[in-house]
There are 2 protein chains.
Amino acid sequence: MTLPRQHSERHAEKLVRREKIESKNFKNIIRDMGMKVTDQRLLILEALTAGRAHVTAQEVFEVVVEKDASIGFATVYRFLRKLTESGFVNEVRMGGLAARYEMSSQVHHDHLTCTHCGKICEFENHDIEKLQESVAKQFGYQLTGHVLELYGLCRDCQKKST
Amino acid sequence: MTLPRQHSERHAEKLVRREKIESKNFKNIIRDMGMKVTDQRLLILEALTAGRAHVTAQEVFEVVVEKDASIGFATVYRFLRKLTESGFVNEVRMGGLAARYEMSSQVHHDHLTCTHCGKICEFENHDIEKLQESVAKQFGYQLTGHVLELYGLCRDCQKKST
DNA sequence: ATTGATATTGATAATTATTCTCAATTAGTA
DNA sequence: TACTAATTGAGAATAATTATCAATATCAAT
C-alpha cells in the first residue's frame with residue numbers, strides 16, 4: 001500500500017519535527033537533573049516514552065541496545081535510578097520481582113479494581129491525599145509517595161453474583 | 001530487684017501456662033497448613049509472635065539461631081513463605097529491600113514505610129477509610145479491600161541525608 | 001576549534017535477597 | 001517399632017541491582 005506522495009512527505013516532515021522537539025525536551029530533562037546530555041541517556045528516555053508503560057530495566061536495555069549495541073546495562077540502571085530520584089520516572093515494585101518503570105504523568109491517580117472481572121477505574125481524591133500527608137507528618141515522616149489500590153465488586157459483577 | 005516469693009512463683013506459673021497454650025496454637029497453625037510440626041517451625045512462630053513486628057527473614061533467623069544453633073536460614077525462608085501463602089503471616093515489601101514479615105492481626109492497619117532504612121510504622125485512619133468507601137460507591141463498586149502504603153523519609157533518615 | 005577538568009561509560013566483579021538441590025534426618029502413622 | 005514421605009541444613013545457584021575503575025566523551029573556558 002502506497003500513500004499519495006504529498007501526504008507521505010508531509011508525514012515524514014512531521015515525524016522529523018516531532019523527533020526534534022522530543023529530543024529537545026529530553027535534553028532539558030537531563031539538564032534539569034544537572035547531568036550531561038549523552039546519546040545513551042537520550043535513547044533511554046526515548047525507549048521509556050515510546051514503548052509501553054511499566055517496563056523493567058532489562059526491557060529498557062533490550063530496546064536501547066538495538067540502536068546502540070555497545071550500551072551497558074549498568075548505564076540503564078544508573079540512569080533509571082537518577083530519573084526516579086528526580087521524579088521524572090515512577091518506579092513500581094511488586095513482590096520480589098524486578099522493578100518496573102514508567103514516565104511519571106502529570107496527572108496523579110489511584111486505582112479501583114474489580115476483584116471479579118479485573119476492570120480498573122482510575123480516581124483522584126484530594127481529601128485522601130491530604131489525610132495521608134497528615135498521617136506521615138504525625139509520625140515524623142517526610143512523605144514521598146504512596147500506593148493506594150481499592151478492591152471491590154463493580155456494578156456489573158454485583159448483579160451477576162446475585 | 002527481687003519480688004516477693006509468692007508473686008514470683010505465680011508469675012512463673014503463668015509463664016509456663018502461656019507457653020503451653022501458645023505452643024498448642026502454634027501446632028494447630030502448622031497442622032492447619034497440612035504440614036508436620038517440627039521444633040524449627042515452632043521456634044519461628046515463637047520469634048514472629050514474641051519479637052517486634054515487621055522483621056526480616058534474617059532477623060527471624062538470628063532470633064531462632066540463639067535457641068537452636070543448627071538451624072539453617074533456608075528453613076526460615078521456606079516456612080515464612082508457607083506462612084505467607086496460608087495467610088497466617090503478612091509480607092511487606094519496599095523497594096529492593098528485604099521483605100518484612102508480621103503475624104497477620106485481626107486489627108486492620110496500613111503501613112508507612114521509610115524508603116531509606118525500611119522502618120515501618122503502622123497506622124489506622126478512619127477518615128481515609130470512609131473516603132475510600134465513598135470513592136467506591138461513587139463508581140458503583142462494593143468495596144471489599146484495599147492496600148494503602150505510604151512512603152517517605154523517617155526522622156532519622158532525614159537528618160542523615162542533610 | 002582546542003583544551004582541560006570532570007562526568008559518564010562499559011565491562012565485569014561484587015552484593016544482596018532469596019530459592020534450589022540433595023543426601024541425611026525426622027515426624028506421623030500403621 | 002518400622003516405614004514412608006516430609007523436612008532439614010549446607011551450600012550452590014539465581015536474579016536483580018550496585019560498585020569499581022580505567023577509558024572515553026561532554027561542556028565550559030579559552
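What's counted below: heavy atoms across the whole structure, side chains too, no hydrogens, waters or symmetry copies. Quick note on labels: first sequence line is chain A, next is B, and so on, each numbered from 1.
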Base, sugar-phosphate, or nothing for B/T56, non-hydrogen atoms under 4.0 angstrom? nothing
Report yes or no: do A/T75 and A/R78 form a side-chain donor-acceptor pair below 3.5 Å? yes
On DNA chain C, does the nearest nucleotide to B/F73 precede the nearest nucleotide to A/A69 from the 5' side, or the other way round? Give the residue. A/A69
Under 4.0 Å between any heavy atoms, over every strand shown, what does B/A98 touch: base, sugar-phosphate, or nothing? Just pick one. sugar-phosphate
Describe, as an angle rounded to 10 degrees, how the axis at the first end of the helix from C/dA1-D/dT30 to C/dA30-D/dT1 is tilted relative to the axis at the last end, five pairs per end. 30°
For A/F139, the other hydrophobic cluster members (4.5 Å side-chain criterion, sorted by chain and number) are A/L112, A/F123, A/I128, A/L131, A/V135, A/Y141, A/L143, A/L148, A/L150, B/L112, B/F123, B/I128, B/L131, B/V135, B/F139, B/Y141, B/L143, B/L148, B/L150
Starting at atom CG of B/D68, determine the distance to atom P of D/dA10, rounded to an integer number of angstrom. 10 Å
Could you tell me how far apart B/L43 (CG) and D/dG9 (P) are, to the nearest whole angstrom? 10 Å
side-chain hydrogen bond (donor to acceptor under 3.5 Å, both in side chains) assessment of B/E122 paired with B/H54: CA-CA 10 Å; B/E122 293 178 353; B/H54 309 301; 2.8 Å; yes
Can you list everything that forms a ring-ring contact (aromatic ring centres under 6.0 Å, His included) with B/H146? Sequence neighbours excluded, please. B/H108
A/M33 CE to D/dC27 C1', straight-line distance once rounded to whole Å: 17 Å
Could you walk me through whether A/M103 and A/N90 pass side-chain contact (heavy atoms from CB on, under 4.5 Å), step by step? CA-CA 6 Å; A/M103 294 298 288; A/N90 263 64; over 6 Å; no
Are the side chains of A/D32 and A/F88 in touch, meaning some heavy atoms are under 4.5 Å apart? yes
Quick check: closest heavy atoms across B/C117 and B/R100, and the distance to 0.1 Å? O-NH2, 4.4 Å
Nearest-Å distance for atom pair CD/C1', residues A/E59 and D/dA15: 15 Å
What closest approach, in Å, do B/Y101 and B/T56 show between heavy atoms, and which atom pair accounts for it? CD1-C, 4.5 Å
Just how far, in rounded Å, is C1' of D/dA25 from CG of A/L42? 14 Å
Provide the start and end nucleotides, 5' to 3', of the part of DNA chain C that has atoms under 4.0 Å from heavy atoms of chain B. C/dA17 to C/dG28
Please report the closest heavy-atom contact between B/Q158 and B/L153, naming both atoms and the distance. NE2-O, 2.9 Å
Can you list, pair by pair, the side-chain donor-acceptor contacts under 3.5 Å of residues 61-68 of chain A, counting residues two or more places apart and other chains?
from  : atom 1 : to    : atom 2 : distance (Å)
A/K67 : NZ     : A/E46 : OE2    : 3.2
A/D68 : OD1    : A/S70 : N      : 3.0
A/D68 : OD1    : A/S70 : OG     : 2.8

Considering every strand and a 4.0 Å limit on heavy-atom distances, what is the contact class for B/L97: base, sugar-phosphate, or nothing? nothing
Nearest atoms (heavy-atom pairs only) where A/R41 meets A/F79: O-CE2, 3.6 Å
Give each protein N/O atom lying under 3.5 Å from an N/O atom of nucleotides 4-7 of chain D, with the pair distance.
from  : atom 1 : to    : atom 2 : distance (Å)
D/dA6 : O4'    : B/K36 : NZ     : 3.3
D/dT7 : OP1    : B/K36 : N      : 2.9
D/dT7 : OP1    : B/R41 : NH1    : 2.8
D/dT7 : O5'    : B/R41 : NH2    : 3.4

